[in-house]
Amino acid sequence: MHFWDEHKTITRYYEMKVSGVCEKYQLRQLEHDILMVIHNNPAYNTAADIVRIRKSTKSNVSTSLKVSEGRGFIEKRIDKDNKKHVTIHLLQLTNEGIEDGIWAQKEFTQDMFEGLSEEEIKVFMSVFQKVYDNAERMISKEKNA
């Protein structure tokens with residue numbers, strides 16, 4: 001097998017790990033992921049940020065945000081000085097779900113790095129960052145071609 005096939009196993013395991021959280025709070029995977037992105041990265045709190053980080057389509061993010069807002073998990077706030085700038089904020093109702101999501105993410109990370117030394121984890125993270133940066137560069141290059 002090749003990396004581009006094997007990485008799907010890691011993604012699948014992550015989805016399995018958080019599926020209990022999704023079921024408990026009746027969330028779709030993307031809705032859960034968006035809530036976690038907003039929690040884990042408070043500076044990235046616009047729909048455009050989420051599209052960029054999650055590599056999701058605008059329509060999927062928009063739909064998920066609409067559902068999350070309707071269920072009282074988030075609220076959108078319009079900037080009083082710039083009506084086009086809308087930020088997304090987690091509401092109190094999401095606290096328990098976020099805590100469960102954090103726990104699932106921690107377990108996932110522990111499972112993935114089981115048996116690896118701190119040095120191996122550092123090397124992995126460094127190499128993975130370089131591979132990611134290369135992919136980002138190539139995507140940008142293709143878009144601009």
Side-chain angles (χ1 to χ4, degrees), residues 1-69 71-77 79 82 84-145:
M1 266 206 186
H2 298 285
F3 169 79
W4 43 89
D5 295 320
E6 293 171 341
H7 85 281
K8 293 175 186 172
T9 302
I10 298 167
T11 302
R12 177 69 182 118
Y13 181 64
Y14 176 79
E15 290 169 354
M16 288 172 60
K17 203 69 181 161
V18 301
S19 67
V21 177
C22 292
E23 287 175 26
K24 181 176 179 180
Y25 298 98
Q26 299 174 349
L27 297 167
R28 284 183 249 142
Q29 181 71 46
L30 183 57
E31 292 162 5
H32 170 269
D33 291 346
I34 287 171
L35 295 175
M36 295 307 295
V37 164
I38 295 168
H39 171 71
N40 291 329
N41 308 281
Y44 300 116
N45 64 351
T46 68
D49 291 335
I50 294 165
V51 166
R52 191 177 66 254
I53 290 168
R54 293 289 310 150
K55 309 290 189 262
S56 297
T57 64
K58 291 178 185 178
S59 61
N60 284 343
V61 169
S62 177
T63 300
S64 293
L65 289 172
K66 196 173 288 188
V67 168
S68 294
E69 184 177 32
R71 297 201 43 223
F73 293 136
I74 64 164
E75 82 174 355
K76 296 177 185 173
R77 297 181 191 157
D79 188 314
N82 179 357
K84 291 183 178 183
H85 186 74
V86 178
T87 55
I88 302 157
H89 302 271
L90 298 176
L91 297 176
Q92 191 74 22
L93 184 58
T94 60
N95 284 352
E96 188 178 330
I98 294 294
E99 291 302 316
D100 289 350
I102 291 168
W103 182 253
Q105 287 180 337
K106 284 182 182 179
E107 284 184 342
F108 168 79
T109 302
Q110 288 172 343
D111 292 347
M112 291 301 93
F113 293 139
E114 184 178 319
L116 298 178
S117 69
E118 282 189 45
E119 183 60 31
E120 288 171 321
I121 293 170
K122 286 178 185 174
V123 169
F124 168 79
M125 298 298 263
S126 175
V127 170
F128 187 84
Q129 186 64 52
K130 289 177 183 178
V131 170
Y132 172 83
D133 291 343
N134 287 341
E136 281 289 314
R137 191 177 74 255
M138 292 298 120
I139 289 169
S140 180
K141 187 176 174 180
E142 288 293 318
K143 282 182 180 178
N144 296 326

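FYI, the numbering just counts along the sequence from 1. The structure displayed is predicted, hence computed values, not measured ones.
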Return the set of residues passing side chain to side chain donor-acceptor pair (under 3.5 Å) with [X] (not counting sequence neighbours), or none when no residue passes.
{"X": "Tyr13", "answer": "Asp111"}
{"X": "Asp100", "answer": "Lys24, Tyr25"}
{"X": "Ser126", "answer": "none"}

Exercise. Angle class for the His32/Tyr14 ring planes (parallel below 30°, perpendicular above 60°, tilted otherwise)?
Worked result: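 Geometry flag for Tyr14 against His32: tilted rings.
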Exercise. Quick one: salt bridge (charged side-chain N to carboxylate O under 4.0 Å, His left out) partners of Lys76, sequence neighbours excluded?
Worked result: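 Salt bridge (charged side-chain N to carboxylate O under 4.0 Å, His left out) check on Lys76 returns Glu69.
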Exercise. Can you list every salt bridge (charged side-chain N to carboxylate O under 4.0 Å, His left out) pair that touches residues 134-145, not counting sequence neighbours?
Worked result: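 Found Lys55-Glu136.
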Exercise. What residue pairs, at least two apart or across chains, pass salt bridge (charged side-chain N to carboxylate O under 4.0 Å, His left out) with a residue in residues 31-41?
Worked result: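 Matches after skipping sequence neighbours: Arg28-Glu31, Asp33-Arg54.
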Problem set entry | Side-chain donor/acceptor of Ser62 to backbone N/O of Lys58, under 3.5 Å |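 Not at all, since once roles are kept as given, no pair shorter than 3.5 Å links the two residues.
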Problem set entry | Donor-acceptor under 3.5 Å (Asn82 side chain, Lys84 main chain) |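 Present.
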Exercise. Would Asp49 and Arg52 pass as an ion pair if we require N to O under 4.0 Å?
Worked result: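 Result for this pair is yes, salt bridge flagged.
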Considering only heavy atoms from C-beta outward, does the side chain of [X] approach that of [Y] to under 4.5 Å?
{"X": "Leu116", "Y": "Phe124", "result": "no"}
{"X": "Gln105", "Y": "Asn40", "result": "yes"}
{"X": "Ile34", "Y": "Ile74", "result": "no"}

Exercise. Does CE in Met112 sit with more than 12 non-hydrogen atoms of other residues, nucleotides or ligands closer than 6.0 Å?
Worked result: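 Atom CE in Met112 is packed in, count exceeds 12.
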